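Below: one structure, written as structure tokens.
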Amino acid sequence: MNKNITWQELMASMDSAKAHPTDTAWDIYWYLKNNYQECGSEQTRMLLFAYIKIPVERPSLLHSCILQLALKISEQYDDFHLLNFIRMWGYSQNLRQEDKESQTTTDGKFFISLEDRTERTVREYLNRHPEHCPLQADKELPMIMPPIIGYVNSYDAKNDFFHIFDSGSRHFVAKSPKVLPLVGEYVWFTPIIPANSRFKSAVIIKQEEHNAGRETFGILNAQYLSTDNEKKTFRYKITSPLPTADGGTMVAEGNASLKLLNCKKGNYPAEGTPLKLVVFLVRSSDGTKYNHIAEAVL
């Protein structure tokens, strides 16, 4: 179904909206669906605001269609403030059960759920507009968390992914961020954690000064135990209380690369020398998580 409606017909419908609010709300939807790419940002935003003011049933098929359309509009017009709109729309309490489920057509085509698409579009929007990231936890948008500090562990050039870990060993991925970080540095980022997925995304807000970032991330006290010149590693023992880690258990003793110490060959610390370590868990090829030493400071 596709209803063609002219601007004059839409204005007449809006003038008498009190008599038939649901019909007018559908008229706004059909007009925007067919014309949003041509009618400009200001007019598009005006009509969406007019829709929000009309007392129609929510949740409903119409309300879900409006959200789907708003996601497309946010990609068309860069000055459309997507987060403000979906707050007014009533995300996520106005999602229907159907909006949380993916769909497969009779010819085998797969479509992700409206919930997943909304969260993906919000992630892409915030990558373009990191200045719009909420400073506090957002109750209306439960998948968006307040900014936290993270360590940029690696970069996947093939997929344009930056891999970021927080101090609780949670792993996030920032894809094609507007704010480009440096591997080995600390960043403030907003996590986006989809409700129906383990995939965690990061929207990078800014890079932090290294020492300040390290202090905020958290440093563990440790002792230097021994040197293995053949394997070019050293053994350590963490003396601080072990932090809670996501998906695994941090261990007190382990091995790390000698390169982290920036010492001349043969001039390594004595047994019992105090160390400061930045530690989080990473997943190995067999699926288990193990201690990863990002920094070691004598």
Side-chain angles (χ1 to χ4, degrees), residues 1-96 99 103 111-135 138 140-141 143-144 160 175-179 190 192 201 203-205:
M1 175 184 176
N2 190 358
K3 180 180 179 181
N4 289 315
I5 182 169
T6 67
W7 176 253
Q8 290 74 21
E9 289 170 335
L10 177 61
M11 290 299 99
S13 178
M14 292 177 68
D15 285 342
S16 56
K18 288 185 178 180
H20 43 72
T22 301
D23 288 342
T24 298
W26 273 111
D27 287 342
I28 291 173
Y29 167 75
W30 286 117
Y31 182 83
L32 280 175
K33 184 175 187 297
N34 293 324
N35 298 283
Y36 77 89
Q37 291 178 310
E38 291 80 30
C39 65
S41 173
E42 184 176 353
Q43 187 179 98
T44 299
R45 288 183 281 123
M46 179 271 289
L47 291 175
L48 284 174
F49 184 72
Y51 165 81
I52 290 294
K53 292 297 184 181
I54 297 175
V56 295
E57 180 184 0
R58 300 168 185 174
S60 66
L61 172 61
L62 168 59
H63 205 50
S64 297
C65 287
I66 286 287
L67 177 57
Q68 290 180 11
L69 186 56
L71 299 181
K72 293 180 180 179
I73 290 170
S74 74
E75 296 169 349
Q76 174 77 17
Y77 299 111
D78 210 41
D79 60 350
F80 177 65
H81 199 314
L82 178 61
L83 298 194
N84 283 348
F85 176 79
I86 57 180
R87 288 188 186 101
M88 291 188 292
W89 184 89
Y91 193 90
S92 60
Q93 66 267 27
N94 281 331
L95 287 173
R96 305 170 300 156
D99 299 328
Q103 303 292 329
F111 294 92
I112 65 173
S113 69
L114 177 58
E115 181 180 49
D116 286 343
R117 189 183 166 205
T118 300
E119 293 171 355
R120 183 182 69 183
T121 305
V122 166
R123 180 176 69 247
E124 294 169 350
Y125 172 83
L126 287 176
N127 269 335
R128 300 194 306 273
H129 298 283
E131 69 278 8
H132 290 170
C133 289
L135 297 179
D138 197 319
E140 284 74 30
L141 305 176
M143 72 283 197
I144 301 178
D160 197 16
K175 178 175 174 58
S176 307
K178 182 177 180 180
V179 179
T190 292
I192 300 179
S201 298
V203 176
I204 300 172
I205 301 172

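Model, not experiment: these values are computed from the prediction.
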Looking at K3, is its backbone amide N or carbonyl O close enough to the side chain of N34 to form a donor-acceptor pair, meaning the two atoms are under 3.5 Å apart?
yes
Distance from R120 atom CZ to R123 atom CZ, nearest 0.5 Å?
7.5 Å
Flag the pair D79 / R45 as yes when at least one side-chain heavy-atom distance between them is below 4.5 Å, and no otherwise.
yes
Side chains of L48 and I73: does their closest heavy-atom pair fall under 4.5 Å?
yes
Closest contact, heavy atoms only, S74 versus R128:
O-NH2, 3.2 Å
Measure across I54 and I28 and return the closest heavy-atom pair with its distance rounded to 0.1 Å.
CD1-CD1, 3.8 Å
Looking only at heavy atoms, the pair that brings V203 and I192 closest together is CG2-CD1, 3.8 Å
Nearest 0.5 Å, what's the CG-CD1 distance between N94 and I86?
12.0 Å
Provide the full list of ring pair (Phe, Tyr, Trp, His ring centres under 6.0 Å) pairs with a residue in residues 33-52, sequence neighbours left out, each pair given once.
Y51-H63
To the closest 0.5 Å, what do you measure between CD1 (I66) and CH2 (W26)?
8.0 Å
How far apart are the closest heavy atoms of P134 and R87, and which atoms are they?
CG-NH2, 4.1 Å
To the nearest 0.5 Å, how far apart are CG in L47 and CD in E42?
11.0 Å
Sequence neighbours excluded, which residues qualify as side-chain hydrogen bond (donor to acceptor under 3.5 Å, both in side chains) partners of S92?
none
Is it the case that over 12 heavy atoms from other parts of the model lie below 6.0 angstrom from the NZ atom of K72?
no
Between CZ on residue F80 and CG on residue L71, distance to nearest 0.5 Å:
8.5 Å
Results of side-chain hydrogen bond (donor to acceptor under 3.5 Å, both in side chains) for Y31 - residues two or more places apart only
none
Take Y91 and E119, measure what side-chain contact (heavy atoms from CB on, under 4.5 Å) needs, and give me the verdict at the end.
CA-CA 11 Å; Y91 193 90; E119 293 171 355; 3.4 Å; yes
Derivation and outcome, side-chain contact (heavy atoms from CB on, under 4.5 Å), residues D27 and M14:
CA-CA 9 Å; D27 287 342; M14 292 177 68; over 6 Å; no
Under the side-chain contact (heavy atoms from CB on, under 4.5 Å) rule, what do W30 and N2 come out as? Steps first, then yes or no, please.
CA-CA 7 Å; W30 286 117; N2 190 358; 3.4 Å; yes
Quick one: does any side-chain atom of Q43 pair with a main-chain N or O of G40 as donor and acceptor, under 3.5 Å?
no
Between the CD atom in Q68 and the CZ atom in R117, the distance rounded to the nearest 0.5 Å is 7.0 Å
Step by step, would you call L95 with W89 a side-chain contact (heavy atoms from CB on, under 4.5 Å)?
CA-CA 10 Å; L95 287 173; W89 184 89; 4.0 Å; yes
For N127, side-chain hydrogen bond (donor to acceptor under 3.5 Å, both in side chains) partners two or more places apart
none
Check ring-ring contact (aromatic ring centres under 6.0 Å, His included) between Y125 and all other residues, then give those that pass, not counting sequence neighbours.
H129, H132
Does any part of the side chain of L32, heavy atoms only, come nearer than 4.5 Å to the side chain of T44, both counted from C-beta?
yes
Of all heavy-atom pairs between Q76 and Q37, which one has the smallest distance, and what is that distance?
NE2-O, 3.7 Å
According to side-chain hydrogen bond (donor to acceptor under 3.5 Å, both in side chains), who are the partners of T24, at least two apart in sequence or on a separate chain?
S13, H20
Shortest non-hydrogen pair, F85 vs A70, comes out as CE2-CB, 3.3 Å
